[in-house]
Amino acid sequence: VKDGRVSFDGGFDLLARANISLSTAERVLIELAEFHAETFEELFQGVKKIPLENFIGIKDAFPVKGHSLNSELHSVPDCQSIIKKAAVERLKEKYHTGWFEETGAVHQIQFSILKNNVNIYLDTSGAGLHKRGYRKNSNAAPIKETIAAGIIDLARVRSNSTVCDPFCGSGTFLIESALKALNIPPCINRKFAAEKWDCIDASVWRNERQRAISLVNKSAEFKAFGFDIDEESVRLSIDNSAKAGVELAHKTVFALFFTSDGHPMLLDRSFPVKKMSRLNCYYILSYAEKYFSLLLDISKSCGILLFV
């Protein structure tokens with residue numbers, strides 16, 4: 001573990017497995033080279049030595065992006081230009097051509113320059129791994145799926161856990177909890193940039209997806225309860241859970257909002273109200289009253305949203 005990166009060794013099968021299964025990582029990169037460079041010439045020569053032809057075909061696209069911090073080579077646009085030129089020169093020598101159409105699969109070259117130490121990578125993920133594929137739509141200011149998964153790891157969600165999110169929004173915490181508890185790979189239903197690379201056989205991805213599906217815990221006793229005052233958020237949670245392959249039972253809900261002094265607002269007077277002494281707040285009596293035992297220990301504040 002170094003500078004926000006976790007390094008590991010493996011073949012294309014492990015590369016595919018990491019993309020499909022990692023829940024808190026943002027992307028999976030292949031490290032092509034690491035070297036010291038304080039001048040553009042050193043940067044050019046360092047990149048030109050990399051056997052890019054092992055990954056990039058004659059028609060493939062190879063854009064460059066990256067960042068530099070506390071280094072002599074501090075101009076990112078200039079570094080992009082030098083790395084691109086070095087890559088072109090390397091591939092020109094190997095493919096014996098003076099021009100690349102770059103109409104094929106994208107091989108995103110990334111660079112990181114930190115204190116004059118250069119790392120060159122190929123991005124195998126494409127879109128960030130927080131884009132699972134199940135949340136096409138969301139409410140305002142949604143939490144990233146990878147961050148939600150990290151919080152769920154810290155909460156030690158297990159196959160027999162019960163999770164309650166009283167402000168579920170578009171359902172991210174509920175869905176990520178279910179994926180964790182049932183051992184469902186978070187990115188099983190999306191595509192990756194490296195799936196289009198000629199150097200990786202399609203059977204690698206197919207086999208890893210089949211392996212991941214075989215490890216799903218279908219006997220898990222996990223339960224999750226989500227609540228939200230916004231009907232659109234409830235609808236989004238249901239739609240997103242269906243896309244993620246997680247079944248949600250939906251009940252019609254009535255909303256209560258509590259002010260800081262514990263008084264209910266937006267209360268439909270046609271429903272009887274009962275005070276919950278432990279929380280100093282109120283809720284509407286209904287057939288779903290048995291579920292509120294799950295909420296008693298969530299918070300002792302008076303700003304809670306409760307639904308029945």
Side-chain angles (χ1 to χ4, degrees), residues 1-19 22 24-131 144 146 150 192-200:
V1 180
K2 180 182 179 182
D3 297 328
R5 299 170 293 172
V6 178
S7 300
F8 58 91
D9 297 321
F12 288 145
D13 56 340
L14 191 57
L15 181 151
R17 189 178 307 171
N19 272 298
L22 290 177
T24 57
E26 183 59 21
R27 40 186 84 247
V28 178
L29 309 174
I30 298 175
E31 186 175 61
L32 299 175
E34 181 176 6
F35 55 90
H36 184 86
E38 297 185 22
T39 66
F40 288 129
E41 180 61 22
E42 290 175 334
L43 179 62
F44 179 89
Q45 294 300 332
V47 174
K48 192 177 178 182
K49 293 177 182 178
I50 301 172
L52 296 172
E53 65 278 3
N54 292 346
F55 301 95
I56 303 174
I58 191 170
K59 293 184 178 181
D60 291 337
F62 48 102
V64 178
K65 67 179 181 180
H67 62 271
S68 177
L69 182 65
N70 298 331
S71 301
E72 294 294 326
L73 302 175
H74 54 82
S75 172
V76 171
D78 288 338
C79 291
Q80 285 178 293
S81 178
I82 293 298
I83 291 172
K84 180 71 173 185
K85 182 178 179 181
V88 168
E89 292 301 318
R90 170 77 188 198
L91 295 175
K92 281 169 64 176
E93 292 179 2
K94 297 300 178 180
Y95 291 123
H96 306 291
T97 182
W99 182 75
F100 295 95
E101 57 185 67
E102 297 196 49
T103 57
V106 176
H107 294 62
Q108 178 69 63
I109 298 175
Q110 290 199 18
F111 67 90
S112 170
I113 307 177
L114 177 61
K115 297 179 180 179
N116 300 319
N117 191 64
V118 182
N119 291 91
I120 305 294
Y121 307 97
L122 275 182
D123 179 9
T124 70
S125 301
L129 294 180
H130 70 277
K131 295 185 178 181
K144 259 190 176 183
T146 45
F192 308 96
E195 287 191 69
K196 297 181 179 180
W197 296 2
D198 292 337
C199 59
I200 304 179

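- Across every non-hydrogen atom of N19 and T124, the tightest pair is ND2-OG1, 3.0 Å.
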| request: Please lay out, stage by stage, how T39 and E72 fare under the test side chain to side chain contact (heavy atoms under 4.5 Å, CB included). | output: CA-CA 7 Å; T39 66; E72 294 294 326; over 6 Å; no
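- With a 6.0 Å radius and a threshold of 12 heavy atoms from other residues, nucleotides or ligands, H36 has its NE2 atom above the threshold.
- Pairing each heavy atom of E102 with each of K84, the nearest pair is OE2-NZ, 3.0 Å.
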| request: Evaluate the side chain to side chain contact (heavy atoms under 4.5 Å, CB included) criterion for residues I50 and R90: first the C-alpha distance (whole Å), next the side-chain angles of each, then the deciding distance (0.1 Å), finally the verdict. | output: CA-CA 8 Å; I50 301 172; R90 170 77 188 198; over 6 Å; no
| said: Go through it in stages, so that I can follow the logic: the residues are F35 and K49, the test is side chain to side chain contact (heavy atoms under 4.5 Å, CB included), and I'd like the CA-CA distance, side-chain angles, deciding distance and then a yes or no. | reply: CA-CA 11 Å; F35 55 90; K49 293 177 182 178; over 6 Å; no
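- Minimum interatomic distance between A193 and D123 (heavy atoms only, all atoms of both residues): CB-O, 4.3 Å.
- In summary, of the residues considered (I30, L122, L52), a side-chain contact (heavy atoms from CB on, under 4.5 Å) with H107 occurs for L122 alone.
- Among L32, L43, V76, the single residue meeting the side-chain contact (heavy atoms from CB on, under 4.5 Å) criterion with F111 is V76.
- Across all non-hydrogen atoms, the minimal contact from K131 to A127 is CD-CB, 4.0 Å.
- Residues L91 and F62 have side chains in contact (heavy-atom distance under 4.5 Å, counting atoms from C-beta outward).
- For the residue pair I58 and F100, the shortest heavy atom distance occurs at O-CD2, 3.4 Å.
- Closest heavy-atom contact between C199 and F12: O-CE1, 3.3 Å.
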